[in-house]
Amino acid sequence: MASDVGVRLEAERERIRAAAIRANRDPASVRLLAVSKFHPAERIRQAYAAGQRDFGENYVQELTTKAKALADLAGLRWHLIGHLQTNKARQVAAVASSVQTVDSVRLARELGRRRDPELGPLGVLVEVNVSGESQKAGCPPAELEEILIAIESEPALRLEGLLTVPPLTDDPEDARPHFTELARLRALHGGAARLPELSMGMSADLEVAIECGATWVRIGTAIFGQRPSERPAGEPTEAP
Ligand SMILES: *Cc1c(COP(=O)(O)O)cnc(C)c1O
């Protein structure tokens, strides 16, 4: 019998498929990133057994611990979707297939320097603060081009696209202007040829994101259920 995670995963795949078709898009052009933060490794195994390969984590310590615990799962790919401090770049570069939250030239350089070329290039997305909220993560749009250039000049990195996290609200439609703005920034900075991926949309607003061109949707709660509210031990700083 399928696990509850397997059942929910299938329901989310169907949601993505339906939203893509409604938006006149190829369903295969939207990938699902299963956001497993705060959920135990056992739940990730269940998702893996149901065919999921891409997992998103927000915290470096949690990512490295889980990567070790799940090293036997062939083909599993880890993506960092939380704020990354430069001094932890080495740890992430050793295990991740992509970092979706690069927000400075300095971090791009450090990841490029720390990535072992033997592992293949590290995928990089730039997190953009499109809402302009001062407390939000991501680079201001005005800094985007210099960060893109810094990534392109690092042989160990592969520029993949842009990510944004809109302000939290109850109405998924509130996210639309932020998603539209990310798509506009992509068009402004070389389009899909330079920036193939748009990582936007979560459990509550993935349909809107897909209408606006998302190629990665990051889904946690709808697959794994409510997150236990505590933070993982030893990482007091960043919010989920
Ligand atoms: C936690 C998180 C998600 C998943 O959010 P859900 O609402 O649980 O689907 C997606 N993206 C980022 C950046 C997150 O931190």
Side-chain angles (χ1 to χ4, degrees), residues 4-5 7-16 19 30-41 43-44 46-47 50 52 54-63 66 77-85 88 92 96-104 107 123-131 133 135-139 160-176 178-179 181-182 197-210 212-232 235-240:
D4 66 324
V5 166
V7 170
R8 290 184 201 220
L9 192 50
E10 192 44 44
E12 291 313 294
R13 289 180 184 134
E14 187 45 45
R15 237 179 117 192
I16 292 170
V30 186
R31 280 182 293 169
L32 195 173
L33 183 62
V35 178
S36 44
K37 62 169 177 260
F38 298 169
H39 293 288
R43 308 279 280 167
I44 298 175
Q46 291 173 354
Q52 180 65 27
D54 292 289
F55 293 89
E57 288 284 342
N58 291 58
Y59 301 93
V60 176
Q61 175 78 55
E62 192 179 355
L63 170 63
K66 284 177 176 170
R77 293 178 290 269
W78 294 107
H79 305 268
L80 188 79
I81 58 166
H83 178 68
L84 177 57
Q85 293 166 339
K88 294 181 182 169
V92 173
S97 9
S98 88
V99 175
Q100 300 203 342
T101 44
V102 169
D103 60 358
S104 71
L107 179 57
V124 168
L125 286 78
V126 178
E127 180 174 9
V128 189
N129 178 0
V130 300
S131 69
E133 280 181 293
Q135 81 278 21
K136 278 208 77 118
C139 74
E160 292 186 342
L162 306 177
L163 171 145
T164 200
V165 183
L168 209 61
T169 68
D170 290 334
D171 184 356
E173 279 299 324
D174 293 344
R176 187 181 296 274
H178 304 282
F179 295 156
E181 179 59 13
L182 195 70
E197 309 288 349
L198 288 180
S199 177
M200 53 190 199
M202 320 204 293
S203 294
D205 55 18
L206 70 90
E207 282 86 1
V208 178
I210 289 170
C212 297
T215 65
W216 274 117
V217 289
R218 309 179 306 267
I219 308 180
T221 311
I223 295 169
F224 295 108
Q226 213 62 47
R227 282 180 282 277
S229 60
E230 271 133 327
R231 297 187 164 149
E235 290 205 55
T237 49
E238 303 115 311

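Just the heavy atoms: all of them, side chains too, but no hydrogens, waters or symmetry mates, feed the values below. In each ligand, atom 1 is the first atom listed, and ligand 1 is the first ligand listed.
- Every atom of ligand 1 with a heavy atom of T221 under 4.0 Å away is listed here by number and element: 6 (P), 7 (O), 8 (O), 9 (O).
- Distances between N or O atoms of G220 and those of ligand 1 include at least one value under 3.5 Å.
- For ligand 1, the atoms lying closer than 4.0 Å to a non-hydrogen atom of N58 are 14 (C), 15 (O).
- Without hydrogens or angle criteria, K37 side chain to G220 main chain gives no donor-acceptor distance under 3.5 Å.
- Screening V126, L33, L162, L84 for a side-chain contact (heavy atoms from CB on, under 4.5 Å) with Q100, the sole residue that qualifies is L33.
- Note on ligand 1: Q100 sits outside its first shell, no heavy atom being nearer than 4.0 Å.
- Classification of D4 and R43 as a salt-bridged pair holds, one side-chain N sitting under 4.0 Å from a carboxylate O.
- Ring geometry for F224 against F55 counts as tilted: the plane angle lies between 30° and 60°, on a 0 to 90° scale.
- Judged by distance alone, with hydrogens and angles left aside, the side-chain atoms of T101 form no donor-acceptor pair with the main-chain N or O of H83 at under 3.5 Å.
- Close approach of ligand 1 to R218 (heavy-atom distance below 4.0 Å) involves ligand atoms 4 (C), 9 (O), 10 (C), 11 (N), 12 (C), 13 (C).
- Interface of I219 with ligand 1, defined as ligand atoms under 4.0 Å from a residue heavy atom, comprises 9 (O).
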